[in-house]
Amino acid sequence: MAGIESSDVCVRFAPSPTGYLHIGGARTALFNWLYARHTGGKFVLRIEDTDAQRNTPEAIAALISGLRWLGLDWDEGPAGSVPEGDFFQSQRSGIYARRVEELRKKGMAYEDEGAIRFRMPREAVMIPDLICGEVVRELTDREQEQPDFVIVRSDGKPVFHLVNVVDDMEMGITHVIRGEDHLSNTAKHMALFRAFDIEPPKFAHIPLILNANGSKMSKRDEGASLEAWQQAGFVPEAVVNYLSLLGWSPKDDSEVMTVSEIIERFDLPQINRANARFDAEKMQWVNYEHLRELPLERYRALAEEAGVGLEGKDVEYVDAALSTCQEKVKQLSDLRAFSAFYFEDDYPVDEIFGEKAMTPENRAALAELRDKYAAVKIFDAESLERCLKSVAERLEVKVRVLVQPARFACTGQKVGPSLYHLMSVLGRGEVLARFDRALGKA
RNA sequence: GGCCCGUUCGUCUAUCGGCUAGGACACAGCCCUCUCAAGGCUGAGAGAUGGGUUCGAUUCCCAUACGGGCUACCA
């Protein structure tokens, strides 16, 4: 793996907690984290909780749990969701006050109607950006009139631009990787860094994530909440994988990658400049690709989380059962229904399918199969298949005449795992019992 | 309105002046087949528009159009 030796790189994710982790925020965090891990640098988490109304402890907790779920661990940052210590802006007002005073002493800030404004240079600013190149920001009409922006409101609270720069400065951030929506603001930030006689960090403005229809993805939009994907049965490595592909690509057509493969390949120059639309279908596919490759032990744990009733069940049976489901189920949230016939006594039965499957002809065939299965020597998938096919051949019927009632008898459903495998997992006793029940004999 | 960024199949993307424009998701068809999937094969599907520069432009430059962002005593 590349980039294990430590480097000077120090990046940060500085979200404002508003209730849950937004998919766009998650992607920004991810890119920062990937860059830190790739370069062997440091990843800092800083909570911008200056809005006491919205930044409740619950909101902070949701944010942190979202990052933890994704596996984006921070080298420096809060230990918990209680706002204490250096990584909460709400706890750093003394630092900001001192820095504002410094600017005032230098004559670079002044009071204006109770607020404090920063003396912004009156000319265009060149923003060197690792992704966008050298961006020349001209003054807007409004800025021509009033170029000096407020850094402390009249209620005494410092504004985003100020605290953001001060924190980056004090924390020794070397690379600011953030959404392109901040590109224009960067002129202000650079001026602030200069005013403090600090060389600005390198900037990398990453493209935004848009909705499927191309509009801006906002908090309320479908799929915007990371938590929603979590609850829908997506695995974090898949979400990480899919998100990494939005605005970045390894350039070699790789798509399904493990986290360490992504870390190895990730770098700033490969980031695109154009916004990307969020495609739920592709994310689902990525999820499926990861799901089917998971180690069984992990799959079992996720199954339990997904509400599959595994308690008290024999582990060997559980694993055998789940492995017949793993390559079929696309989302963990579907797993419970898909596997119910293995684990629940009153699993659901599709009566319509039952009527179609249990025709008189099929019943007779099933009865015949039952007797053969009672006698078959080894009750494994291969033997069961061979046996079923020979019965079909002798009766001169298509295999589906046997398969359909057998599937109905065993699972009650039209779709499910491979019939032969599922029967071998259920075991002879159970299969015969279910056959009998379907035949009305039990 | 002003300022900034962007524009390759429906979507995510490859292409660093030579392209019969490649891959993936989704879609269609076929094959395989115990259901459903998966898998295999095939197909349809793109360089916003107009000017330059060049022997040659998807690639470089300019305009226009379209999309996005910013323009707060929000973050």
Side-chain angles (χ1 to χ4, degrees), chain A residues 14-18 48-51 54-55 89 112-117 124 127 129 131-133 135-145 149-161 163-164 179-188 205 207-210 212-217 242 245-256 269-270 272-286 288-289 292 325 327-330 338 353 357 381 384-385 388-389 392 398-404 406-408 411 413-423:
Chain A
S16 177
T18 56
E48 307 216 333
D49 60 338
T50 51
D51 185 343
R54 299 160 77 198
N55 305 331
Q89 284 184 341
D112 176 35
E113 293 181 32
I116 296 173
R117 285 182 184 273
I127 304 165
D129 189 274
I131 292 162
C132 300
V135 177
V136 179
R137 237 308 302 270
E138 303 280 346
L139 268 61
T140 64
D141 280 359
R142 197 193 178 86
E143 285 166 343
Q144 307 261 16
E145 289 170 36
F149 61 94
V150 169
I151 53 175
V152 180
R153 286 177 273 193
S154 49
D155 66 4
K157 287 174 70 179
V159 308
F160 161 73
H161 301 299
V163 298
N164 200 262
E180 193 201 274
D181 49 342
H182 286 293
L183 183 56
S184 295
N185 290 153
T186 305
K188 289 177 179 146
H205 288 92
L208 302 178
I209 299 179
L210 271 25
N213 65 10
S215 63
K216 186 192 180 184
M217 188 179 256
Y242 177 68
L245 259 15
L246 253 28
W248 172 82
S249 106
K251 312 292 182 198
D252 65 358
D253 289 340
S254 311
E255 293 204 300
V256 178
Q270 294 122 347
N272 284 153
R273 305 175 67 170
N275 294 166
R277 300 183 191 201
F278 187 85
D279 183 352
E281 277 181 333
K282 182 133 185 181
M283 179 146 117
Q284 184 152 52
W285 173 77
V286 172
Y288 174 59
E289 293 296 313
R292 58 193 299 191
C325 301
E327 65 171 27
K328 304 273 187 175
V329 172
K330 296 203 158 176
F338 192 83
F353 172 55
L384 296 175
E385 177 167 8
L388 183 143
K389 282 181 173 164
K398 295 194 174 198
V399 287
R400 56 184 297 113
V401 169
L402 288 163
V403 166
Q404 289 225 343
R407 176 174 292 283
F408 174 74
T411 73
Q413 295 296 320
K414 200 176 168 181
V415 305
S418 157
L419 177 65
Y420 309 118
H421 290 87
L422 119 220
M423 289 192 298

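The sequence lines fix the lettering, A, B, ..., with proteins before strands; numbering per chain opens at 1.
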Can you tell me if the side-chain N/O atoms of R153(A) get under 4.0 Å from OP1 or OP2 in A75(B)? yes

Considering every strand and a 4.0 Å limit on heavy-atom distances, what is the contact class for P417(A): base, sugar-phosphate, or nothing? base

Which is true for H182(A) with a 4.0 Å heavy-atom rule: it touches a base, it touches only sugar-phosphate, or it touches nothing? base

Counting only heavy atoms not in K157(A), do more than 12 fall under 6.0 Å of its NZ? yes

Is there a side-chain polar atom (N or O) of K282(A) under 4.0 Å from OP1 or OP2 of A24(B)? no

Could you tell me whether S418(A) contacts a base, only the sugar-phosphate backbone, or nothing, with contacts defined as non-hydrogen atoms closer than 4.0 Å? base

Re U8(B): Watson-Crick or G-U wobble partner, both distances kept under 3.5 Å, found to be none

Using a 4.0 Å heavy-atom cut-off across all strands, classify E255(A) as base, sugar-phosphate, or nothing. base

Check: A75(B) base within 3.5 Å donor-acceptor of N55(A) side chain: no

Identify whether any heavy atom of D181(A) sits under 4.0 Å from a base atom; if not, whether one sits that close to sugar-phosphate; answer base, sugar-phosphate or nothing. sugar-phosphate

Under 4.0 angstrom, heavy atoms only, what part of the nucleic acid is Y288(A) near: base, sugar-phosphate, or nothing? sugar-phosphate

Of all the nucleotides listed (A38(B), C34(B), U11(B)), which has the minimum atom distance to the side chain of K330(A)? A38(B)

Are T50(A) and A75(B) close enough that a side-chain N or O sits under 4.0 Å from OP1 or OP2? yes

Mind checking if N272(A) touches a base, just sugar-phosphate, or nothing, with heavy atoms under 4.0 Å? sugar-phosphate

By the 4.0 Å heavy-atom rule, please label S154(A) as base, sugar-phosphate, or nothing. base

Using a 4.0 Å heavy-atom cut-off across all strands, classify V136(A) as base, sugar-phosphate, or nothing. sugar-phosphate

Heavy atoms from other residues, nucleotides or ligands near NZ of K251(A) exceed 12 (cutoff 6.0 Å): yes

Length of the line joining L245(A):CG and A14(B):P, which is rounded to integer Å: 10 Å

Find the distance D253(A):CG to A14(B):C1' and express it as a whole number of Å. 6 Å

I want to check one thing: is the phosphate of C70(B), taken as OP1 and OP2, less than 4.0 Å away from some side-chain N or O of R137(A)? no

What is the pairing partner of A14(B), taking Watson-Crick or G-U wobble pairs with both distances under 3.5 Å in any strand? none

Looking only at atom C1', what distance separates U59(B) and A21(B), rounded to whole Å? 11 Å

Looking at every strand, decide which applies to G214(A) at a 4.0 Å heavy-atom threshold: base, sugar-phosphate, or nothing. sugar-phosphate

Which value, in whole Å, describes the distance between the C1' atoms of nucleotides G29(B) and C55(B)? 44 Å

Side-chain heavy atoms of I131(A) within contact of E180(A), under 4.5 Å: no

Side-chain N or O of N275(A) versus OP1/OP2 of C5(B): is the shortest distance under 4.0 Å? no

Within the 4.0 Å heavy-atom criterion, would you say Q284(A) contacts the bases, only the backbone, or no part of the nucleic acid? nothing

Does atom CZ of R153(A) have more than 12 heavy-atom neighbours from other groups under 6.0 Å away? yes

Can you tell me how far P in C36(B) sits from the matching atom in C27(B), rounded to whole Å? 16 Å

Base, sugar-phosphate, or nothing: which does L388(A) touch, judged by heavy atoms less than 4.0 Å apart? nothing

Side chains of Q404(A) and F353(A), heavy atoms from C-beta outward: is any pair under 4.5 Å? yes

When the C1' atoms of C4(B) and G40(B) are considered, how many whole Å apart are they? 49 Å

Heavy atoms under 4.0 Å, any strand shown: does G247(A) hit a base, just sugar-phosphate, or nothing? sugar-phosphate

Suppose we define a pair by two distances each less than 3.5 Å, Watson-Crick or G-U wobble; what does U64(B) pair with here? A48(B)

